[in-house]
Amino acid sequence: MPFQSVAPKYVYTPLNHLKDGTVVNLYGIVKFFKPPYVSKGTDYCSVVTLVDPSNVKLTCTLFNGNLDSLPKIYKVGDIVRFHRIKIKEYNGQMQGITGVGFASLTFDGTVGAPVVPRSSSKVYTFMDEEQKTIEELRVWAASNLSISGPAAKLSGVRPMLFFDLTCQLVGKAKVDGSSFLLKVWDGTKCPYPTWKVPVEARDLEGEKVVLHQLRNLTVDVLVYDNHVQLAKSLKIGSFLRIYSIHTKQASAVDEDVSHIEFHLHGGTCYGRGIGVLPESNLDVKELKKFFLILDLESYLQRCQQLPVTVLTDHQDLNNTELKTILNSTAPQQYRIRAKLRTYKPQKLYQSIKLYCSKCNSLQEVPDGDDFDFILQGSAVTAPNPELHNTSWYDSVMWTTQDQKQRKIAIHFVKHDEMLQQPEDTLLMIEGGTLKEVWKLTKRFKCVIPVRSTEDDLELLDPSAPFLLQGNIKYYGCKQCSTPKPIKSLSSIAAEQRPSWEPTEIAQVLGIVPLQYVFIMKFTLVDATGALNVYLFDYENFFQIPASEILTNNSLQQKMQMTMNMLCPPGRKLDDLPWLECFIKSYNVRDAMTHQVYYQIFDTTVAEGVV
DNA sequence: GATTAGGCTTGG
């Protein structure tokens, strides 16, 4: 009889036909996976959830003492072929588990990509028929599944997210028993200041020259617990995908260095883990291509040269050296390119002031105690019942139960003779405490603290806010305001759709409102000299409204981070970034003195470097 | 030869 080589004919079971206690062959598209990690037993473990055109899911728990014998899955959407997988019922659901003779092939799930199997065994069958199956599954997945993994480049990271990072390992170091440091890069620059984990120089593994050269492009990833063992075994220079990295924003505002931290927390939730990518991987090829064309010297220089602030206008102007500006008469306007050597105030919340655009005066933002004191003082005057329930507001009054027997009145302003929804309502309060006023601002659109006179309600002391909206207290200028009777408000209440804009409320009440501004002094330097320049900004420069910064922690952190980008702490002048600014000079004269001042205009913080 | 894990984020 002539020798015949017959490839075994495999039968593949759709995921909706799986039965407890069987051993089957199957195809599936990866919907979720945990890259192989060291289990608590003797093997590596990988958990893989598949789906197929029957729309049934199957979670498989795969074990093997040999890393290479587990499926080489790199991303959600990959397609796998499993041979001889055991099906068991667990918690009322079918579950796949490795058994004797388990073998797998993995394919890229992209429609049109070459169909190249990644095998977990040396010998396998793969023919035209299988090729066709893969292509059909790709097409089905493309139109029936939404697979967009959380990938990101370092240039695109934001604080507080989880994402998968494809990168190259540049350095590694032990930190302590439960954590390990990986220094990685992906060729792009993280726009935020990043955390540098302190380690002993002798513990840091990696090419010294490369580590130094890439010092501003690498980020420190701290991996914990179960990931430490695998991290230790990684080879410098290898390409990695770190799954579900967490970008954490350093929380302490008063810390002088706020930054982004990269953590790979312990455990394997959400597929947290580290995978080594082979050189043949498409994403790796992409990265290597990018690294190759990257002329590192000039690239690093360019990163250094790109300004961290940019002009919003006057692009056509040429730069002027600081020395020239210092030797010129005012007023004039200039475009400059300089470095921020230092700035004041260093405590950023101190940069917030109140500004009157009518009399040009500046003042400190009063603190809560001042307001509390004024409220206490006004609570002495009892609400006048004759002023309650008018044509344009409804009133309620009660007396507190404590021994103070304080009388509180709230007047709800009506619209069209009707009360509005709380979130649209303006109310006036008499006799409330600071805490009570704050509580009301949470529920109602506007709160105006008032007190009774004989014939109308009136605003409190001019140093108290005339209006509270959301988190913001609005103040009026003492010099410029001439308060009008409260009943002037009824004209807004009668409008078709009262918007309760603070400026409009101020106007009818005869108040000239103060505006929240950032005032800072920048000391800018270039090769020719140094110049003190004022920043006076409502929100254009930082892209943060000055009015919100005092009551918003995360905005304060954002501002601190921005300042750290413009003027990174602890750097030499050479390593400071460039700022591109538009400034104008102006004269300030009085009887005795004449001085030239400089102010930043039409300049904003750049979106991100690179 | 059994065990491992059996998806579902944030502490350091």
Check every atom of [options] against the side chain of [X] and return the nucleotide holding the closest atom.
{"X": "A:His265", "options": "B:dT10, B:dT3, B:dA5", "result": "B:dT10"}
{"X": "A:Arg272", "options": "B:dT9, B:dG7, B:dT4", "result": "B:dT9"}
{"X": "A:Tyr90", "options": "B:dT10, B:dT4, B:dG6", "result": "B:dG6"}
{"X": "A:Thr42", "options": "B:dG6, B:dA2, B:dG12", "result": "B:dA2"}

Whole-Å distance between [N] [atom2] and [X] [atom1]?
{"X": "A:Phe32", "N": "B:dA5", "atom1": "CZ", "atom2": "P", "value": "14 Å"}
{"X": "A:Phe262", "N": "B:dG11", "atom1": "CZ", "atom2": "P", "value": "18 Å"}
{"X": "A:Tyr270", "N": "B:dC8", "atom1": "OH", "atom2": "C1'", "value": "4 Å"}
{"X": "A:Phe162", "N": "B:dG11", "atom1": "CZ", "atom2": "P", "value": "9 Å"}
{"X": "A:Leu70", "N": "B:dT4", "atom1": "CG", "atom2": "P", "value": "17 Å"}
{"X": "A:Leu62", "N": "B:dG6", "atom1": "CG", "atom2": "C1'", "value": "12 Å"}
{"X": "A:Lys31", "N": "B:dG6", "atom1": "NZ", "atom2": "P", "value": "18 Å"}
{"X": "A:Phe63", "N": "B:dG6", "atom1": "CZ", "atom2": "P", "value": "8 Å"}

For [X], give me all partners under side-chain contact (heavy atoms from CB on, under 4.5 Å), at least two apart in sequence or on another chain.
{"X": "A:Val38", "answer": "A:Tyr44, A:Gln229"}
{"X": "A:Thr551", "answer": "A:Asn471"}
{"X": "A:Glu207", "answer": "A:Val210"}
{"X": "A:Glu261", "answer": "A:Trp195, A:Lys248, A:Ala250, A:His259, A:His263"}

Inter-nucleotide C1' distance (B:dG6, B:dT10), Å rounded: 23 Å
Plane angle bin for A:His246 and A:His265 - parallel if under 30°, tilted between 30 and 60°, otherwise perpendicular: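 Answer is tilted, since the angle falls between 30° and 60°.
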Residues in ring pair (Phe, Tyr, Trp, His ring centres under 6.0 Å) contact with A:Phe444, at least two apart in sequence or another chain: A:Phe412
A:Lys34 and A:Thr268: side chain donor to acceptor below 3.5 Å: yes
Any A:Lys248 side-chain nitrogen or oxygen under 4.0 Å from OP1 or OP2 of B:dG12: yes
Any A:Lys88 side-chain N or O less than 4.0 Å from OP1/OP2 of B:dG6: no
Residue-level proximity of residues 221-229 of chain A to DNA chain B when a heavy atom falls under 4.0 Å: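 Close to the strand are A:Tyr224, A:Asp225.
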So [X], base contact, sugar-phosphate only, or nothing? Heavy-atom distance under 4.0 Å.
{"X": "A:Thr61", "answer": "base"}
{"X": "A:Phe180", "answer": "nothing"}
{"X": "A:Gly266", "answer": "base"}

Of A:Cys269 and A:Asn64, the one whose closest DNA chain B nucleotide lies more 5': A:Asn64
base_contact_polar (B:dG7 base, A:Thr49 side chain, donor-acceptor, <3.5 Å): yes
Side chain A:Lys172, main chain A:Leu204, donor-acceptor under 3.5 Å: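 No, the answer is negative, given that no donor and acceptor are paired below the 3.5 Å cut-off.
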